[in-house]
Each structure stands twice: as C-alpha cells, then as structure tokens.
Amino acid sequence: MTVKQYFKSSFDDYINSIKLDRKFLYVILADILFYGILLGSFVLFFSMFFMTEFAQFYHGITSLPADFGGSAASDLGKQGWVLFLSFTFYLIFVTVFYAFFKGLIHKIIQEKKFKLKMILEYIKNGFLRFFFLNLLILFISIVIFYLSFSIFKQEFFAVMLIIQFLFTVHFILVSHSIILSEKKFFKGLKKSFGIAIKKIHYFILPYLIISIELFFVIVIMRFSASLPTKIFSLISLILLLIFANWGKVYLHKIICKLN
C-alpha cells in the first residue's frame, strides 16, 4: 500500500464510520446497560454489604485487647475470610460481566444487522474466547508491570509504564476486534499480535483522527459546563459513549483490511 492509498483508505474508513445506522443504537444501548448494571452492583455491594462488614471488622481489630484469643480471634478470622471471598466473587462477577457486554458490543459491530439470535450465537461461540483473552491481557499486564518495577529505576519506570499502557490499549483494541472473528483462540491471539506489532504503522493516522475527534468532544463538554450539573453530566455521558463506540466502529473497519 502506497502512502497515497494509505491516506485515502484511512479517510474513506473514517467517512464510512460516521455514517451511523440503527445498529449503532443497539451498541449504545448495550453500553448503557453495561455501565448501568455495573454502577448499580457497585453501589449495592460496597454501600450495603462490603463497607458495613469492613467497618465491623476494622472496629473489631482496633478494639481488641492485647491478649485477645480464643473465640474473638476465630470470629475475626471468619469475618476476614468473608470479606476476602465476597470481594473476590465480586471481582469475578465484574470480569465475566465486562467480557460478556464488551464482547457483545464488538459482535454487534461486526455483524451487518442486529438479530436477537446473534446474542445466543455469541454466548455459544465467542464469549469464552473474549473472556479468556481479557484474563490473559490482565495477567500479562500485571507480570510486565512487576518486572518493570523490579528492573528499571524510578525515572525510567515511569516511561516504561506509559509505553506499556499505550501498547496494552492498542493491543486490546486490535485483539477485541479479531478474537471474535476467529474460531480458534490461539489463532486469533497470534493474528492479534501480528497486526498490533507488525502493522502498527497503519494505525498512526486512525489514532490521530480519533485524537482530533476526542479534542472536539472535550471542547463541546467545556462549552456545556455552564449548564445545570445534571444536564451537563447527561450531555457528557452521551458524548463519551458515542465517541468511545464510534472509535470501535472506525478501528474495526481499519482492522478488517489488515486481517
């Protein structure tokens, strides 16, 4: 692909991506549902259960005498395990919940038309691949973060952290689009790494276009900051949802040509 063809292809994909249809409405609705349920579960879990149990646990520790033992220590131990297990189960729920909705959004973007049977097809053929992909990305990110922290000096560690963050975001954007279109997990993973690394130069212009769009979104948000708080929050939320999901549509068009 020549430079001229590259610019033309990226610009054509951009024009096509802003021609949003009814399918994009389902993408937005799925994202709203995701954040709504996630926020609701967060409030219910932390405000109605976890923080209450943690406050009792903390009070029990701070009010114990120096020579405590027996049943008091046993009760605190049980309460600590309850807190640990409940928090672990909540993290598992969030991970599964995230994988389901974000994978479904990418599935909707990839299909020509939205159909209800597509959800069942996604659960049957795509959800586990998307779930394991995100677990793998999380695990590798933690390992690389630990190694960077252990090996590099503090001033260079900050640079490595920024590089790691940018590449992780880049790989997530690429792999999320590819993993659902491949029947086999490792084949999709290999193809994701190939495109994310070997063809990273094809994303320079698309990322620049996305950055310009984000700048305009921020400008609009700043102009609407003078409005009442609820209206400003609503406008900002809608703008960010549209921008984030439009970016997925645009990048999917780019990745399809590189796949």
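Position 1 is the first residue of the sequence, and the numbers go up from there.
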Between Tyr26 and Glu111, a side-chain donor and acceptor under 3.5 Å: no
Arg129 versus Leu180, closest heavy-atom pair with distance: NH2-O, 3.2 Å
Which atoms form the tightest heavy-atom contact between His170 and Ile200, and what is the distance? NE2-CG1, 3.7 Å
Please determine whether residues [X] and [Y] belong to a single hydrophobic cluster, defined as Ile, Leu, Val, Met, Phe, Trp and Tyr linked transitively by side-chain heavy-atom distances below 4.5 Å.
| X | Y | result |
| --- | --- | --- |
| Ile140 | Leu138 | no |
| Leu116 | Leu120 | no |
| Leu25 | Val27 | no |
| Ile15 | Tyr202 | yes |
| Leu29 | Leu39 | no |

Given the rule in the side chain to side chain contact (heavy atoms under 4.5 Å, CB included) test, do Phe203 and Val174 qualify, once you have shown the distances and angles that lead to the verdict? CA-CA 10 Å; Phe203 292 89; Val174 173; 3.8 Å; yes
Let me check something: any side-chain donor-acceptor pairs from residues 234-251 under 3.5 Å, sequence neighbours excluded? List them with distances.
| unit_1 | atom_1 | unit_2 | atom_2 | d |
| --- | --- | --- | --- | --- |
| Ser236 | OG | Phe232 | O | 2.8 |
| Asn245 | ND2 | Asp31 | OD2 | 2.9 |
| Asn245 | ND2 | Leu241 | O | 2.8 |
| Trp246 | NE1 | Ser17 | OG | 2.9 |
| Tyr250 | OH | Ser10 | O | 3.2 |

Return the set of residues passing ring-ring contact (aromatic ring centres under 6.0 Å, His included) with [X] (not counting sequence neighbours), or none when no residue passes.
| X | result |
| --- | --- |
| Phe216 | none |
| Phe132 | none |
| Phe100 | Tyr122 |
| His252 | none |

So do [Y] and [X] actually touch side chain to side chain, heavy atoms under 4.5 Å?
| X | Y | result |
| --- | --- | --- |
| Asn134 | Thr95 | no |
| Tyr207 | Val169 | no |
| Val217 | Met221 | yes |
| Phe101 | Leu38 | no |
| Phe130 | His106 | yes |

CZ of Phe97: more than 12 outside heavy atoms within 6.0 angstrom? yes
Does the side chain to side chain contact (heavy atoms under 4.5 Å, CB included) test come out yes or no for Tyr98 and Phe34, once each step is laid out? CA-CA 8 Å; Tyr98 169 86; Phe34 165 74; 3.8 Å; yes
[atom1]-[atom2] distance between [X] and [Y], expressed to the nearest 0.5 angstrom:
| X | Y | atom1 | atom2 | value |
| --- | --- | --- | --- | --- |
| Ile195 | Phe171 | CD1 | CZ | 10.5 Å |
| Ile218 | Leu214 | CD1 | CG | 4.0 Å |
| Glu213 | Leu208 | CD | CG | 10.5 Å |
| Ile109 | Leu104 | CD1 | CG | 10.0 Å |
| Ile209 | Ile254 | CD1 | CD1 | 7.5 Å |
| Ile255 | His176 | CD1 | NE2 | 10.5 Å |

Between Glu121 and Lys107, does the salt bridge (charged side-chain N to carboxylate O under 4.0 Å, His left out) criterion hold? Intermediate values first, please. CA-CA 10 Å; Glu121 181 186 342; Lys107 183 68 175 178; 3.7 Å; yes
List, one per line, each side-chain donor-acceptor pair under 3.5 Å for residues 183-194, sequence neighbours excluded.
| unit_1 | atom_1 | unit_2 | atom_2 | d |
| --- | --- | --- | --- | --- |
| Lys191 | NZ | Glu182 | OE2 | 2.6 |
| Lys191 | NZ | Asn259 | OD1 | 3.2 |
| Ser192 | OG | Gly188 | O | 2.7 |

